[in-house]
Amino acid sequence: MIDLQLNNKTHDEERQGEALIVDGPKIRNGRKLYIESYGCQMNFADSEIVASILFDQGFETTGDYKEADVVFINTCSIRENAEQRVRNRLSQFGAEKRRNPKLIVGVLGCMAERLKSKFLEEEKLVDVVVGPDAYRELPQLLTEVESGHKAINVLLSREETYADISPVRLNGNGITAFISIMRGCDNMCSFCVVPFTRGRERSRDPHSILAEAKDLFDRGYKEVTLLGQNVDSYKWKGKDAQEDADIEVNFAQLLEKVALISNELRIRFSTSHPKDITDEVLYTIAKHNNICNYIHLPVQSGSSRILDLMNRTYTREWYINRIDAIRSIIPDCAISSDIIAGFCTETEEDHQETLSMMDYVGYDFAFTFSYSERPGTLAARKFADDIPEELKKRRLAEILLKQQQTSLYRLQKFVGKTMRILVEGTSKKSDKDFCGRNDQNAMVVFPATEGVLAGQYVNVYVDRCTSATLLGSVVAQEPEMV
Ligand code: SAH
Ligand code: SF4
Ligand code: F3S
């Protein structure tokens, strides 16, 4: 496996258009792959699987699409603007293809799955369309394109987890990495396109998850984030690798197994679902110092009526009960959320309930969205998208403002404390500063100190903060917070 030292962004549900590059050994087939990814962390993890499959075919990756033989765009369908960005980018690749007709342009991921062969009709420059469960077929599909045909495979699978494929770590910092533990989603949130683009939920063999985590740790990685659309419903049944016994592993047990690899390996995970997160998971987090005290628990709305229309299968009271459980079992746990403004029929009272839920929880961080109707979803079929854009915008602005205030308040609570930080590298703004995250996922920036290297844990005394970052310096004393 190969790594390249570059920035590795986390905590961004809808990352956009980052080119992923990796240096390969010199004996290759001379062909170059450019792959650009949009959407959630799972899509970025998939691009690492795709790179691995093509790497085995002799491809190298490049960060410049103008020198590529194959350009892949790994797409997201979650909101209309995510799709629009991909369309705009495709027209740029079209210009390149007119210059270099041999260039192969492929659309991968959720938009490929949603639009299927329509993509080939609508975007003439696209040669190949591949859904998220068909990446093993990429070599054959590329051969088909080379023989002068358009190629498509958008079959969804009930089994595919790419468990045996070792991802090529793209744009990594060599310290933090993502591990997919499951694919698909069996929930049917009425606003959401994911069940249609990613198919049925399936859990990956825990032996392969543990092997991947252990391999990363052996190669110097210090943090893994376990990924799934709903990690709490992780469930795997099968044979134990060592003993000839049937075993069943749930998410809490998987977390514990990964945590036991080493106390020096930090564990994060995303996304938790309010209906499925159990006290067992919370006690497991509390029990292991190296499982980070941070839970992303999207609420979507604070109104039980809207939650019902969203088919989230929990109520405001249920969500509050889960928050109370987190606060009592893991007292210093950071909590973040996803919130949608302006879902169908949302009244001013419903909106106020979202704001009061934000007050109740005091989220450390939140991703906030304006409702975007997605074709084919339950909501698109059953309800009118009846909240005017202006109103959605106003409500979103109110949610954002509240979140900014709460995020600042949460960060200020860290000021005056010493905490353990995993150094991820130099800060984006200055190479004289290091950056890293605390256990609660807050970014901490501090002057580079002699003898301190990326990948080490250091104790940092935080003396001030901005609206998004903690600032401080390395100290010798023991941390008050791990
Ligand atoms: N599996 C995760 C969410 C994945 S999608 C979960 O259940 O929480 C990430 C976020 O995008 C969602 O939590 C939701 O807030 C937002 N989202 C999904 N569909 C949307 C839509 N149609 N309009 C606006 N936001 C949407
Ligand atoms: Fe979409 Fe709901 Fe599944 Fe999340 S849990 S991916 S919001 S259907
Ligand atoms: Fe987007 Fe697909 Fe992820 S729709 S958010 S890339 S699962």
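Just follow the structure's listing: the first ligand is 1, and inside any ligand the first atom is 1. Reckoned from all heavy atoms, side chains included, excluding hydrogens, waters and symmetry mates.
In this model, no donor atom of one side chain and acceptor atom of the other lie less than 3.5 Å apart for Gln229 and Thr271. Side-chain N/O atoms of Glu223 and Tyr221 include no donor and acceptor closer than 3.5 Å. Using modelled atom types, one finds no donor on one side chain facing an acceptor on the other under 3.5 Å when comparing Arg136 with Asn153. Counting only N and O atoms by type, the side chains of His296 and Asp338 include a donor and acceptor under 3.5 Å apart.
Of the candidates Ser77, Cys76, Ala82, Cys76 brings a heavy atom nearest to atom 1 (Fe) of ligand 3. Nearest-heavy-atom check against atom 13 (O) of ligand 1 across Ile340, Val194, Asp338 picks out Asp338.
Residue Asn43 has at least one heavy-atom neighbour below 4.0 Å for each of these atoms of ligand 3: 6 (S). The Arg312 neighbourhood of ligand 2 comprises atoms 2 (Fe), 7 (S), with distances under 4.0 Å to a heavy atom of that residue. Numbered from 1 in the order shown, with element, the atoms of ligand 3 that lie under 4.0 Å from a heavy atom of Cys40 read 3 (Fe), 5 (S), 6 (S), 7 (S). Shown in contact with Phe191 at under 4.0 Å from a heavy atom are these atoms of ligand 2, numbered in order with element: 7 (S).
At a 4.0 Å heavy-atom cut-off, ligand 3 touches Cys110 through the side chain alone. When non-hydrogen atoms are compared, ligand 1 lies under 4.0 Å from neither the backbone nor the side chain of Met310. The parts of Ile78 lying near ligand 1 are both backbone and side chain, judged by heavy-atom distances below 4.0 Å. Under 4.0 angstrom from ligand 1, the non-hydrogen atoms of Phe369 all belong to its side chain. At a heavy-atom distance under 4.0 Å, only side-chain atoms of Arg79, from C-beta outward, approach ligand 1. Under 4.0 Å from ligand 1, the heavy atoms of Gln300 that appear belong solely to its side chain. At a heavy-atom distance under 4.0 Å, only side-chain atoms of Pro298, from C-beta outward, approach ligand 1. Heavy atoms of Cys185 found under 4.0 angstrom from ligand 1: none, in either backbone or side chain.
Within the structure, ligand 1 lacks Ser272 among the residues with a heavy atom less than 4.0 angstrom away. In this structure, Gly109 falls outside the shell of residues with a heavy atom less than 4.0 angstrom from ligand 3. By the 4.0 Å heavy-atom criterion, Gln229 is counted among the residues contacting ligand 3. Within the structure, the closest approach of Arg198 to ligand 3 falls below 4.0 Å when heavy atoms are considered.
Annotation: Gln229 places an N or O atom under 3.5 Å from an N or O atom of ligand 1; distance criterion only. By the 3.5 Å distance cut-off applied to N or O atoms, Glu373 is not counted among the residues near ligand 1. When only interatomic distances are considered, the shortest N/O to N/O separation between Asn230 and ligand 1 does not fall below 3.5 Å. Between Ile339 and ligand 1, no N or O atom pair is found at a separation short of 3.5 Å.
By the criterion of a separation under 2.8 Å, the protein N/O/S atoms near atom 3 (Fe) of ligand 2 amount to Cys185 SG.
A salt bridge is absent between Asp332 and Lys413; no separation between the charged side-chain nitrogens and carboxylate oxygens falls under 4.0 Å. The existence of a salt bridge linking Glu212 and Arg169 is confirmed by a sub-4.0 Å separation between a basic side-chain nitrogen and an acidic carboxylate oxygen. Under the 4.0 Å criterion applied to side-chain N and carboxylate O atoms, Arg316 and Asp350 are not assigned as salt-bridge partners.
No donor-acceptor distance shorter than 3.5 angstrom exists from the side chain of Ser337 to the backbone of Ile339, with no hydrogens or angles considered. A donor-acceptor pair is defined here as one N or O able to donate and one able to accept, closer than 3.5 Å; no such pair exists between the side chain of Tyr65 and the backbone of Glu96. Counting only distance, with no hydrogens or angles, the side chain of Asp69 and the backbone of Leu103 share no donor-acceptor pair below 3.5 Å.
Annotation: cation-pi geometry satisfied between Arg79 and Phe369 (NZ/CZ under 6.0 angstrom from ring centroid, within 45° of ring axis). At least one test fails for Arg89 against the ring of Phe72: distance under 6.0 Å to the centre or angle within 45° of the axis.
No more than 12 heavy atoms of other residues, nucleotides or ligands sit less than 6.0 Å from atom CD of Glu80.
With rounding to the nearest 0.5 Å, the separation of CG in Leu297 from CZ in Arg322 is 9.0 Å.
Taking 4.5 Å as the limit, every side-chain heavy atom of Leu254 sits out of range of all side-chain heavy atoms of Trp236.
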Derivation of the side-chain contact (heavy atoms from CB on, under 4.5 Å) call for Phe119 and Leu90
CA-CA 11 Å; Phe119 230 118; Leu90 272 175; 3.6 Å; yes

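Ring centroid separation for the pair Tyr294 and Phe269 does not come in under the 6.0 Å cut-off.
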